[in-house]
Structure formats: structure tokens, C-alpha cells
Amino acid sequence: MSQYLMDTYARLPVAFTRGEGVWLWDAEGRRYLDAVAGVAVCGIGHAHPRLAEALCRQAQTLIHTSNLYRIPLQEELAARLCSLSGMDNAFFCNSGAEANEAAIKLARLYGHRRGIETPTIIVMERAFHGRTMATLTATGNRKVQAGFEPLLGGFARVPYNDVRAVEQVGEHNRDVVAVLVEPFQGEGGVQVPEATYLERLRAVCDRFGWLLMLDEVQCGIGRTGRWFAFQHTRMHPDVMTLAKGLGSGFPVGACLARGAAAQVFKPGTHGSTFGGGPLACTAALTTLAVMEEEGLLANAASMGHYMLQAFRERLGGVPGVVEVRGQGLMIGIELKRPCKELVERALAAGVLINVTLDSVIRLLPPLVIDRTQAQQVVDTVVAVVTEFLRDEAREAAS
């Protein structure tokens with residue numbers, strides 16, 4: 001019963017009991033089209049039979065041994081991710097926040113080994129990296145930080161999509177060792193930087209000898225139409241963090257590194273009891289296999305393009321709509337005013353959506369979504385947005 005749960009979530013008044021593909025059913029048997037996918041988690045859809053079978057088979061064989069011993073499935077997953085990304089090695093954990101904690105620790109250790117006593121990481125305004133103390137400090141949202149002071153030192157914040165601001169910090173702060181950035185900001189309102197942003201950051205990091213660390217927890221694993229969002233560019237990061245879609249709902253996170261960054265951690269410098277266990281690695285390996293076999297990268301790119309174009313055609317220029325933006329199946333529709341009530345309006349219409357940063361509708365549907373289902377999302381969202389803006393206009397005029 002809910003009285004035994006800490007009051008940490010403003011949950012919607014619905015409970016789901018079953019899922020299949022893009023669909024969820026509630027306790028009363030009503031069907032919903034899920035355009036949130038557990039916040040960019042269920043990329044291959046709900047209850048994929050390949051994943052269910054693989055997890056059951058592994059659970060009947062071996063669930064946990066710890067990282068005191070070799071875990072062949074972990075080694076296989078590391079090799080697969082490095083092959084897909086061009087990275088050199090991987091550390092496994094259980095969540096995006098843990099993956100980002102690993103990246104932060106790696107950057108600090110990298111700095112100390114270069115003789116820097118107080119290593120500093122440049123982070124971005126409106127960023128979101130997690131809710132542990134270090135990742136909360138790196139996050140650029142005062143609302144989620146409030147009440148948890150004192151926050152940690154060792155971070156310098158600049159505006160997102162502003163390379164010159166990063167350069168200026170480097171010119172005045174000799175303690176900088178890394179830049180931590182999301183290729184596309186999710187919680188920060190589905191922010192899409194200019195096309196050369198990451199490449200220019202790469203050049204700045206190379207000039208100063210810093211690590212470039214990409215948080216791909218939300219935008220990675222096919223979400224934007226490529227395995228990883230940085231692959232829309234011609235650059236490579238030194239460190240990359242993953243989670244969410246990697247396990248299709250089974251908790252798994254990863255911190256990948258290349259070059260000098262891949263040699264920083266040694267036995268005893270970092271660890272995890274559960275990270276990279278047989279079940280988690282089975283979930284991730286199966287997810288990657290299904291995505292490749294079912295062509296989900298191409299589907300994310302094509303369905304995302306279709307939905308973005310449809311939203312721009314039907315909502316672009318509508319009074320009250322600021323912008324439609326996104327990449328692949330990571331779509332944001334920004335309104336001029338707070339619109340959180342749209343979540344319940346869409347729920348009543350049978351579609352699950354999300355609102356972030358108070359005024360940005362965020363859509364993160366499963367990568368298996370087809371044209372008919374995408375059209376249903378577009379039609380429903382356009383209808384609830386149009387009705388919401390009409391109601392707001394009436395109230396303003398009365």
C-alpha cells in the first residue's frame with residue numbers, strides 16, 4: 001500500500017499490469033500507447049519475447065557471483081559495446097547515475113595523476129546527470145538541488161551549446177580536467193545543440209588536454225537513430241556513459257573509456273557488487289541483438305523524422321507553441337507556458353506522454369513504433385495541445 005512508500009514521486013493515478021510492444025494495459029484492462037517507454041528505457045518494446053526467454057533461461061542458470069570472479073557475459077557485453085562505439089573498455093554498474101559517478105571519479109583520478117590537487121569538471125546549465133551527491137552537483141537544475149546543500153566542489157558551470165564559454169573557463173582555471181555534457185539534453189527540455197557543437201568541444205578539450213565525457217544515458221542505445229548520439233558527428237569522446245535503453249528495463253549502466261582515460265582505473269579504484277552481473281548482461285546483449293536484427297536504428301530515424309515533420313506541419317506557427325525539436329525518437333514540443341496538465345489529458349486520451357522543464361512535452365516512444373502508432377501519437381498530442389491552448393486563450397480573454 002502507498003503509505004509504506006516514501007513520498008518521492010508525484011505518480012499518475014494509473015497502474016499498469018501488462019505490456020506488449022508499444023502498448024500498456026492498466027488494472028481495468030484499458031489500453032494505452034506508451035510514448036514515454038519508461039523514460040527512454042523500453043526501446044525494444046514491452047515484454048519482448050526474446051528478452052523474456054533469455055532472462056528466464058539465465059535466471060535458471062546463474063543470477064549472481066560478484067566481480068570477485070570473471071563473468072564471461074560481462075566480457076562479451078564489453079566487447080560488443082566497444083565494437084559498436086570505438087571505445088576501448090567498459091565498467092558496468094546499475095544505473096545512469098552510477099555510470100556518471102564512475103565518469104566523475106575517473107576524471108578526478110585522471111587529474112590527480114597529472115598533479116592537479118583540485119580537479120574541476122565543466123558541466124552545463126540545465127543538464128541532468130543523476131541524483132547522487134556528485135551527479136546532483138553536476139546537474140544544472142536548482143529545483144532538484146534545493147535542500148541538499150552543501151553540494152560538492154570541483155565543478156564549473158557554463159551555458160549549454162556555448163563553446164566560447166567553455167574556452168573562457170579553461171583560460172582562467174588551470175584545474176579543469178574534463179567536460180561532461182549530454183549530446184542532446186533530455187530532462188533539460190530536449191535541447192538540440194548546433195551541429196558542430198561536439199566537434200568544437202572535442203577541439204577545445206584536445207587543446208587543453210582535457211577529457212571529453214558524454215552522458216548518453218538518455219540519448220544513447222539507438223534513441224536518436226544511431227547507436228550513440230555522438231555518431232551523428234565525426235568526433236569520439238574519451239568517456240561515455242550509458243544506461244536506460246541498454247537493458248530494456250533491467251537495471252544496467254556502463255561507463256566506457258578510450259585512450260588515456262581507459263587506463264585510469266586500476267583494481268581497487270572503483271567497483272560494484274551487482275554491476276555487470278549475468279542477468280544484467282543477458283538483458284543488454286539480448287537488447288543489442290534484437291535492435292540489430294529488427295533494424296531499430298533505421299526505424300528510430302525514419303519514425304522520428306516522420307513525427308518531427310508532422311508536428312512541425314501541424315503545430316509550427318501556432319500561437320503558444322515555441323518550437324518543435326528533436327533527433328530520432330527523442331522529441332520535444334516547447335510551449336510558451338507551463339503545461340504539465342497535458343500529461344493527464346493525454347492519459348485520458350489513451351497516450352502516455354511526459355512534460356519536462358514545466359513547458360516542454362517530451363516524447364520518447366519505443367524504437368519499435370510503426371507508422372500507424374506514430375500517427376496516433378501525433379494526432380493525440382496535437383489534439384490535446386490545441387485544446388489546451390484554446391482553453392488558455394479563452395481564460396485570458398475572459
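Because the structure is a prediction, the values reported are computed rather than measured.
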Checklist entry - Crowded around R142 CZ? As in, over 12 foreign heavy atoms under 6.0 Å? => result yes
Next on the checklist: Among T139, T135, D215, exactly one meets side chain to side chain donor-acceptor pair (under 3.5 Å) together with N100. Which residue is that?
Outcome noted: D215
Item to check | V176 side chain reached by I121 side chain, heavy atoms, under 4.5 Å | outcome: no
Checklist entry - Is the shortest distance from a Lys or Arg side-chain nitrogen in E216 or R226 to a carboxylate oxygen in the other one below 4.0 Å? => result no
Checklist entry - Where is the tightest heavy-atom contact between A260 and Y110, given as atom of each residue plus distance? => result CB-CE1, 4.5 Å
Checklist entry - Which distance, rounded to the nearest 0.5 Å, do you find between the CZ of R80 and the CG of L288? => result 6.0 Å
Item to check | Sidechain N-carboxylate O distance under 4.0 Å for E323, R325 | outcome: yes
Checklist entry - Would a distance-only check, ignoring hydrogens and angles, find a side-chain to backbone donor-acceptor pair under 3.5 Å from T286 to A283? => result no
Checklist entry - For the residue pair T386 and V382, what are the closest heavy atoms and their distance? => result OG1-O, 2.7 Å
Checklist entry - For the residue pair M307 and L329, what are the closest heavy atoms and their distance? => result SD-CD2, 3.9 Å
Checklist entry - Are there more than 12 heavy atoms of other residues, nucleotides or ligands under 6.0 Å from atom CZ of F388? => result yes
Item to check | salt_bridge(R164, E167) N-O dist < 4.0 Å | outcome: yes
Item to check | Carboxylate-amine/guanidinium proximity below 4.0 Å for R131 and E187 | outcome: no
Next on the checklist: Check this for me: E199, atom CD, are more than 12 non-hydrogen atoms of other residues, nucleotides or ligands nearer than 6.0 Å?
Outcome noted: yes
Next on the checklist: As a quick check of understanding, evaluate side chain to side chain donor-acceptor pair (under 3.5 Å) for Q218 and R362, giving each step before the final call.
Outcome noted: CA-CA 12 Å; Q218 186 166 142; R362 178 174 51 165; 3.0 Å; yes
Next on the checklist: If you compare all heavy atoms of A99 against all heavy atoms of C255, which two are closest, and at what distance to 0.1 Å?
Outcome noted: O-CB, 3.9 Å
Next on the checklist: Tell me whether the rings of F91 and H270 are parallel (<30°), tilted (30 to 60°) or perpendicular (>60°).
Outcome noted: tilted
Next on the checklist: Has H236 got a side-chain atom pairing as donor or acceptor with S85's backbone, closer than 3.5 angstrom?
Outcome noted: yes
Next on the checklist: side-chain contact (heavy atoms from CB on, under 4.5 Å), that's the test. Do R31 and L24 meet it? Break it down for me.
Outcome noted: CA-CA 6 Å; R31 190 176 75 162; L24 287 169; over 6 Å; no
Next on the checklist: Are L242 and I221 packed together at the side-chain level, in the sense that at least one heavy-atom pair is separated by less than 4.5 angstrom?
Outcome noted: yes
Checklist entry - Is a salt bridge present between D175 and R114, judged by a nitrogen-to-oxygen distance below 4.0 Å? => result no
Checklist entry - Could you state the interatomic distance from OG1 (T241) to CG (L246), rounded to the nearest 0.5 Å? => result 11.5 Å
Checklist entry - How long is the span from the CD1 atom in I353 to the SG atom in C339, to the nearest 0.5 Å? => result 7.5 Å
Checklist entry - Where do V377 and F311 come nearest, in terms of heavy atoms and distance? => result O-CZ, 4.3 Å
Checklist entry - Just checking, is any N or O donor in the side chain of R57 or Q60 under 3.5 Å from an acceptor N or O on the other one? => result no
Next on the checklist: Regarding H232 and T224, do their side chains bring together a donor and an acceptor under 3.5 Å, going by distance alone?
Outcome noted: yes
Checklist entry - Honestly curious: do V158 and M213 fall in one hydrophobic cluster under the side-chain, below-4.5 Å linking rule? => result no
Checklist entry - Does the distance from a Lys or Arg side-chain N to an Asp or Glu carboxylate O, for E392 and K336, drop under 4.0 Å? => result no
Checklist entry - Can you get from F230 to M291 by hopping between Ile, Leu, Val, Met, Phe, Trp and Tyr side chains that sit under 4.5 Å apart? => result yes
Checklist entry - Got a second to check how far L81's CG is from F92's CZ, nearest 0.5 Å? => result 5.0 Å
Next on the checklist: Taking E387 first and then R345, would you say they form a salt bridge - that is, a charged N and a carboxylate O separated by under 4.0 Å?
Outcome noted: yes
Item to check | Parallel, tilted or perpendicular: ring planes of Y197 versus Y160, cut at 30 and 60 degrees | outcome: perpendicular
Next on the checklist: How long is the straight-line distance from CE of M240 back to CZ of F228, given to the nearest 0.5 Å?
Outcome noted: 4.0 Å
Checklist entry - Side chains of I44 and L367: does their closest heavy-atom pair fall under 4.5 Å? => result no
Next on the checklist: Whether the Q74 and N67 side chains hold a donor-acceptor pair (N or O, under 3.5 Å, no angle test) is what I'd like checked.
Outcome noted: yes
Item to check | Main-chain N/O of W23 paired with D34 side-chain donor or acceptor, under 3.5 Å | outcome: no
Checklist entry - Does the side chain of R314 come under 3.5 Å of the side chain of Q309 through a donor N or O and an acceptor N or O? => result no
Checklist entry - Applying the 4.5 Å side-chain criterion to the ILVMFWY set and letting contacts propagate, would V322 and I331 be lumped into a single cluster? => result no
Checklist entry - Should we say atom CD of E117 is surrounded by more than 12 heavy atoms from elsewhere, each under 6.0 Å from it? => result no
Next on the checklist: side-chain contact (heavy atoms from CB on, under 4.5 Å), that's the test. Do T120 and V169 meet it? Break it down for me.
Outcome noted: CA-CA 10 Å; T120 297; V169 173; 5.9 Å; no
